[in-house]
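To keep things clear, I will list the structure first and then write my remarks on it.
The figures here come from the full heavy-atom set of this structure, side chains too, leaving out hydrogens, waters and symmetry mates.
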Amino acid sequence: MSPRDVSSGGRRGTGRLTPGRVAMAVLVVLVVVFICVNTKNVTIRVLIPEVTLPLWFALLAMFLIGGVCGGYLFRRRTR
């Protein structure tokens, strides 16, 4: 029997809406809601200078930086 003949019989994780993608979508929605609710100005120390900016902007920046780092670390390597 070749590997192509073996199937799991179920469709779990084979479509566009896999459980992992649904979980990530829910997580992103929760992060966006959390960012939108926190709108006060905060003072953040960036090495030496202190920067005052809205908290939503700082949270959004950290979310995007985390996404870029995660995408870089876990990208699929094609060889």
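- Linking Ile, Leu, Val, Met, Phe, Trp and Tyr whenever their side-chain heavy atoms come within less than 4.5 Å puts Leu64 and Leu55 in one cluster.
- Ile65 belongs to a hydrophobic cluster whose remaining members, ordered by chain and number, are Met62; membership requires side-chain heavy atoms of ILVMFWY residues under 4.5 Å apart, directly or through intermediates.
- Checked against side-chain contact (heavy atoms from CB on, under 4.5 Å), Leu30 has the following partners two or more places apart in sequence or in another chain: Val26.
- Taking 4.5 Å as the limit, every side-chain heavy atom of Trp56 sits out of range of all side-chain heavy atoms of Val37.
- Contacts classified as salt bridge (Lys or Arg N to Asp or Glu O under 4.0 Å) and involving residues 45-57 (residues at least two apart or in different chains) are given here: Arg45-Glu50.
- A side chain to side chain donor-acceptor pair (under 3.5 Å) check over residues 26-44, counting only residues at least two apart or in different chains, returns the pairs Thr43-Thr52.
- Taking the side-chain contact (heavy atoms from CB on, under 4.5 Å) definition, one finds that Val46 meets it with Ile44, Val51, sequence neighbours left out.
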Practice problem: Please assess Val28 against Phe63 for the test side-chain contact (heavy atoms from CB on, under 4.5 Å), listing each intermediate value before the final yes or no. | Solution: CA-CA 9 Å; Val28 166; Phe63 177 70; 4.2 Å; yes

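- From Leu60, atom CG reaches atom CD1 of Ile35 across 5.0 Å, with rounding to the nearest 0.5 Å.
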